[in-house]
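Starting from 1, each residue takes its place in the sequence as its number.
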Amino acid sequence: MNSPLPITESPTDRFLKLFIPLMTEEGFTYRKSGHKFRRKFAFGTQELCLSFDGRGGTVAVTGSASVVFTELAKLSKKINGHLSYNLGGSFSNLKANPWTYSFADSDFINMTPKERSVYSSEQVHPQSRIEQGLNVIFNAYKTAVVPLFQSMQTYEQLLALYVDSLERLSFRNVNREDAMYYATLLTIILGGDLEKMKSFTSKADLMEFRSPEIDRELNAVYEYALTNDLRKFVL
């Protein structure tokens, strides 16, 4: 009978030992639940979330990133009673290249779980692959996530992002109806031309994306703005 393999650290733990200090230097706080890294900025929170896939007995890592404008989200909830808010996306959607990395040595990839079971975690997932994975994921953060965070630091930037998405019908980092909703809400908050925004979000090539629900939510915003100064909630 083969002697049991020694208990060792998982590839995930070995990776995190290297990655957490790097992100701490970037100003993030690590939360083990969900492997989330969070950092506050003037109007909200930036978050990077790692995802580890251990299906098949080998471990790979990828991630996603998001931005929340905290007071804006609270205001939306106050007006409409719920949140519909998503800014960001997976490393793949953010065009990181590469956007995922397997810690497993290539010699073990095509083995069955039974064949791999006689090898230790360090053999299947050597430290050199862990360190290369660190470079890949940190590079994805620098090249894809940092630009996302830099493009969403102010309400003016956020409004410009939504308007640009609507103009180009490109919704890579935002939901279509979120773009209409928050572009309208931000136009009111920032003192923009509301009638122009109403006309803009009603143009023919956007109407196919409009549901009765978004119309109800927009009407709730208009009514709330009649009796409340929205700026005081977020600025």
J.: Hey, are the side chains of Glu217 and Glu177 touching, using non-hydrogen atoms and a 4.5 Å cut-off?
T.: no
J.: List in chain and number order the residues that pass ring pair (Phe, Tyr, Trp, His ring centres under 6.0 Å) with Phe233, two or more places apart in sequence or in another chain; answer none if no residue qualifies.
T.: none
J.: Do NZ/NE/NH1/NH2 and the carboxylate oxygens of Arg31 and Glu47 come within less than 4.0 Å?
T.: no
J.: Would you give the length of the straight line joining atom OG of Ser102 to atom CD of Gln132, rounded to the nearest 0.5 angstrom?
T.: 12.0 Å
J.: Test Thr58 against Phe103 for side chain to side chain contact (heavy atoms under 4.5 Å, CB included), laying out the working first.
T.: CA-CA 7 Å; Thr58 61; Phe103 299 134; over 6 Å; no
J.: With sequence neighbours left out, write down each residue that passes side chain to side chain contact (heavy atoms under 4.5 Å, CB included) with Ala160, or none if nothing qualifies.
T.: none
J.: Is it true that a side-chain atom of Ser76 and a backbone atom of Ala73 form a donor plus acceptor pair closer than 3.5 Å?
T.: no
J.: Please evaluate residues Met111 and Val124 with respect to the criterion side chain to side chain contact (heavy atoms under 4.5 Å, CB included), reporting the C-alpha separation (whole Å), side-chain torsions for both, the decisive distance (0.1 Å), and the verdict.
T.: CA-CA 10 Å; Met111 286 186 180; Val124 177; over 6 Å; no
J.: For residues Gly88 and Leu94, report the shortest heavy-atom separation together with the two atoms involved.
T.: C-CD2, 4.4 Å
J.: Is Asn110 atom CG crowded by more than 12 heavy atoms from other residues, nucleotides or ligands, each under 6.0 Å away?
T.: no
J.: Can you tell me how far the CG atom of Leu18 sits from the CD atom of Gln127, to the nearest 0.5 Å?
T.: 6.0 Å
J.: Is there a donor-acceptor pair under 3.5 Å between the side chain of Glu25 and the backbone N or O of Leu22?
T.: no
J.: Would you please name every residue forming a side-chain hydrogen bond (donor to acceptor under 3.5 Å, both in side chains) with Tyr224, sequence neighbours left out?
T.: none
J.: Do the side chains of Arg55 and Asp53 get close enough for a salt bridge, i.e. N-O under 4.0 angstrom?
T.: yes
J.: Would you mind reporting whether Phe108 and His125 have side-chain heavy atoms less than 4.5 Å apart?
T.: no
J.: Taking ring pair (Phe, Tyr, Trp, His ring centres under 6.0 Å) as the definition, give me every residue that meets it alongside Phe91, ordered by chain and number, with sequence neighbours left out.
T.: none
J.: May I ask you to test the Phe41-Met152 pair for a side-chain heavy-atom distance under 4.5 Å?
T.: no
J.: Rounded to the nearest 0.5 Å, what's the gap from CD on Glu122 to CD1 on Ile130? Could you check?
T.: 9.0 Å
J.: At their closest point, which heavy atom of Ser121 faces which heavy atom of Glu9, and how far apart are they?
T.: OG-O, 3.8 Å
J.: Looking at residues at least two apart in the chain, or sitting in another chain, which of them share a ring pair (Phe, Tyr, Trp, His ring centres under 6.0 Å) with Tyr222?
T.: none
J.: Establish, yes or no, whether a centroid distance under 6.0 Å links the rings of Phe19 and Phe37.
T.: yes
J.: Heavy atoms, side chains only, cut-off 4.5 Å: are Leu158 and Val67 in contact?
T.: no
J.: Determine, using the 4.5 Å side-chain heavy-atom cutoff (strictly less than), whether Ile109 and Phe15 are members of one ILVMFWY cluster.
T.: no
J.: Under 3.5 Å, is there a donor-acceptor pair between the side chain of Gln123 and the main chain of Asp105?
T.: no
J.: Are Val61 and Val136 close enough that some pair of their side-chain heavy atoms sits under 4.5 Å apart?
T.: no
J.: Could you walk me through whether Tyr155 and Ile189 satisfy the side chain to side chain contact (heavy atoms under 4.5 Å, CB included) test, starting with their C-alpha distance in whole Å, then the side-chain angles of each, then the deciding distance to 0.1 Å, before giving a yes or no?
T.: CA-CA 9 Å; Tyr155 290 116; Ile189 291 170; 5.6 Å; no
J.: Measure across Arg39 and Phe149 and return the closest heavy-atom pair with its distance rounded to 0.1 Å.
T.: NH2-CD1, 3.7 Å
J.: So which of Thr184, Leu87, Thr201, Leu185 actually passes side-chain contact (heavy atoms from CB on, under 4.5 Å) with Tyr162?
T.: Leu87
J.: Less than 4.5 Å apart, any side-chain heavy atom of Tyr181 and any of Glu213?
T.: no
J.: From Leu218 CG over to Met180 CE, what is the distance, rounded to the nearest 0.5 angstrom?
T.: 8.5 Å
J.: Is there any salt bridge (charged side-chain N to carboxylate O under 4.0 Å, His left out) pair reaching into residues 179-196, and which pairs are they, with sequence neighbours excluded?
T.: Glu195-Lys198
J.: Got a second to check how far Leu148's CG is from Ser64's OG, nearest 0.5 Å?
T.: 10.5 Å
J.: Is there a continuous path of hydrophobic side-chain contacts, each under 4.5 Å between heavy atoms, that joins Leu226 to Ile79?
T.: no
J.: When you measure from the side chain of Asn139 to the backbone N and O of Asn135, does any donor-acceptor pair fall under 3.5 Å?
T.: no
J.: Is any side-chain heavy atom of Arg129 closer than 4.5 Å to a side-chain heavy atom of Tyr101?
T.: yes
J.: Under a 4.5 Å cut-off applied to non-hydrogen side-chain atoms, are Phe52 and Pro11 in contact?
T.: no
J.: Could you tell me which non-hydrogen atom of Ala183 sits nearest to which non-hydrogen atom of Leu159, and how far apart they are?
T.: O-CD1, 3.5 Å
J.: When rounded to the nearest 0.5 angstrom, what distance separates OG1 in Thr29 from CD1 in Ile20?
T.: 11.0 Å
J.: How close do Thr70 and Gly44 get, heavy atom to heavy atom, and via which atoms?
T.: OG1-CA, 3.3 Å
J.: Are any side-chain N or O atoms of Ser51 and backbone N or O atoms of Thr62, one a donor and one an acceptor, separated by less than 3.5 Å?
T.: no
J.: Which heavy atom of Lys142 sits nearest a heavy atom of Glu26, and at what distance?
T.: NZ-OE2, 3.2 Å
J.: Is there a side chain to side chain contact (heavy atoms under 4.5 Å, CB included) between Val221 and Asn80 once you walk through the steps?
T.: CA-CA 8 Å; Val221 170; Asn80 276 297; 4.2 Å; yes
